[in-house]
Amino acid sequence: MINYKPLKQNFYKRDTLTVAKELLGKIIVKFEKEKILTGIIVETEAYTGNNDPASHSYPGITERNRVMFEEGGKIYVYFVYGNHFCFNIVTESKGFGSAVLIRAIEPVEGIDIMKKRRPKAKVIYELTNGPGKFCSAFGINRKYNGYDLTSGSIILTNGKTDADIIISPRIGIEKGNNLLYRFFIRDNKFVSRHKNNKYTTLLRKGI
DNA sequence: TATTCGATGTGCT
DNA sequence: GCACATCGAATAC
């Protein structure tokens with residue numbers, strides 16, 4: 001088994017849009033009892049502390065969004081639509097109120113476990129091509145809220161960085177639709193499907 | 001294949 | 001009481 005080296009906290013304590021973009025291609029690793037789950041991050045969304053009306057942090061600190069205001073490198077998990085969890089990575093400095101939502105990953109290790117947790121998935125990409133699906137496949141729930149990504153049972157590590165990326169409006173929100181805060185890897189079949197691709201912009205990663 | 005819609009729990013007004 | 005960073009079944013074509 002590979003000895004994964006966690007990204008350090010200074011990776012997360014930067015501008016949220018930069019972190020959201022650079023998270024593409026990174027590997028998420030979850031250590032379970034005698035098992036390991038890994039996957040490549042292929043789709044993210046930024047939720048900033050800069051006058052972003054769609055961000056949970058927008059109204060200020062509450063019991064739910066408290067972790068968003070902590071220092072970059074923490075996990076923010078919340079429950080949504082009565083059924084699903086969403087996994088976010090807190091960014092920037094303490095008090096800032098910002099995070100990146102992980103919307104989709106490409107499974108690498110532990111696919112047998114993911115299939116057991118998502119028996120309805122007919123093809124591999126249905127295991128993790130959406131924020132709720134990813135959390136279900138990885139067994140992520142509210143107990144991970146507030147976890148430290150640099151020293152716990154979930155870490156990120158370096159992966160590929162040479163793919164093209166696409167920027168678009170965020171999915172499933174009403175407010176802040178004008179902001180191009182969604183990032184995903186071009187032509188990757190694990191990206192969550194959605195209708196409007198007409199506002200997307202193509203960029204080469206690293207610019 | 002594309003679009004609509006119901007289920008569901010919790011945070012916040 | 002209502003909105004909600006979703007999913008998947010049902011419906012319409």
Side-chain angles (χ1 to χ4, degrees), chain A residues 12 16-17 19-21 23-24 28 39 41-70 72 74-92 96-107 114-147 149 154 166-185 189-200:
Chain A
Y12 304 104
T16 305
L17 296 172
V19 175
K21 186 167 67 174
L23 280 171
L24 296 176
I28 181 165
I41 296 173
V42 298
E43 181 180 358
T44 63
E45 281 179 359
Y47 288 86
T48 75
N50 287 329
N51 199 31
D52 178 355
S55 175
H56 284 179
S57 64
Y58 190 65
I61 299 181
T62 66
E63 183 55 33
R64 177 175 66 158
N65 67 21
R66 175 175 55 76
V67 177
M68 282 188 85
F69 291 85
E70 292 187 11
K74 296 282 175 56
I75 297 172
Y76 170 47
V77 177
Y78 64 87
F79 188 66
V80 73
Y81 290 116
N83 283 299
H84 313 288
F85 292 102
C86 286
F87 178 94
N88 299 254
I89 293 173
V90 177
T91 58
E92 313 219 23
F96 206 75
S98 55
V100 176
L101 171 67
I102 304 301
R103 285 195 57 87
I105 66 130
E106 177 174 341
M114 298 183 210
K115 283 180 176 170
K116 282 180 192 162
R117 290 175 180 163
R118 291 194 36 76
K120 286 174 184 166
K122 295 182 290 294
V123 290
I124 296 291
Y125 61 75
E126 287 178 355
L127 290 172
T128 54
N129 66 341
K133 297 178 191 179
F134 156 63
C135 283
S136 175
F138 265 60
I140 286 164
N141 54 45
R142 67 181 95 242
K143 90 174 186 186
Y144 290 98
N145 190 43
Y147 263 48
L149 270 173
I154 301 178
I166 295 180
I167 304 178
S168 82
R170 292 170 291 187
I171 300 293
I173 60 168
E174 301 280 321
K175 304 166 197 158
N177 257 336
N178 55 320
L179 301 168
L180 300 174
Y181 281 2
R182 178 183 180 225
F183 304 87
F184 58 96
I185 292 182
K189 65 183 172 188
F190 294 86
V191 169
S192 64
R193 297 232 171 250
H194 260 274
K195 354 178 180 176
N196 74 336
N197 284 332
K198 50 185 173 183
Y199 298 111
T200 60

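Each chain gets a letter, A, B and so on, in the order the sequences are listed, and its residues count up from 1.
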Determine the contact category for [X]: base if any of its heavy atoms lies under 4.0 Å from a base atom, sugar-phosphate if only primed atoms, P, OP1 or OP2 are that close, otherwise nothing.
X	value
A:L101	base
A:N88	base
A:R64	sugar-phosphate

Step through it carefully: locate the ring centre of A:Y47, locate the ring centre of A:H56, and say whether they are under 6.0 Å apart.
-> no

Scan residues 45-54 of chain A against DNA chain C and write down, sorted by residue number, each residue with any heavy atom closer than 4.0 Å; if none is found, say none.
-> A:Y47, A:A54

All N/O contacts under 3.5 Å from nucleotides 9-11 of chain C to the protein, with atom names and distances to one decimal?
none

Of the candidates C:dT6, B:dT8, C:dC7, the side chain of A:N83 sits closest to B:dT8

The nucleotide from B:dA7, C:dA5, C:dG8 with an atom nearest the side chain of A:K133 is C:dG8

Distance-only check: which donor-acceptor pairs under 3.5 Å involve side-chain atoms of residues 129-141 of chain A, not counting sequence neighbours?
| residue | atom | partner | partner atom | Å |
| --- | --- | --- | --- | --- |
| A:N129 | OD1 | A:K133 | NZ | 2.9 |
| A:N141 | OD1 | A:K143 | N | 3.0 |

Any side-chain N or O of [X] under 4.0 Å from OP1/OP2 of [N]?
X	N	value
A:R182	C:dA5	no
A:R103	C:dT6	yes
A:T62	B:dG11	no
A:R118	C:dG8	yes
A:H84	B:dT8	no

Side-chain donor or acceptor of A:Y81 under 3.5 Å from a matching atom on the base of B:dA7?
-> no

With distance as the sole criterion, is a donor-acceptor pair present between the side chains of A:E92 and A:T16 under 3.5 Å?
-> yes

In terms of the angle between their ring planes, are A:F79 and A:F85 parallel, tilted or perpendicular, with boundaries placed at 30° and 60°?
-> tilted

Main-chain N/O of A:Y58 paired with A:D52 side-chain donor or acceptor, under 3.5 Å = no

Once you apply the 3.5 Å cut-off to both distances, tell me the Watson-Crick or G-U wobble partner of C:dC7, or none.
-> B:dG6

Is any side-chain N of the basic residue among A:E43 and A:R182 closer than 4.0 Å to the acidic one's carboxylate O?
-> yes

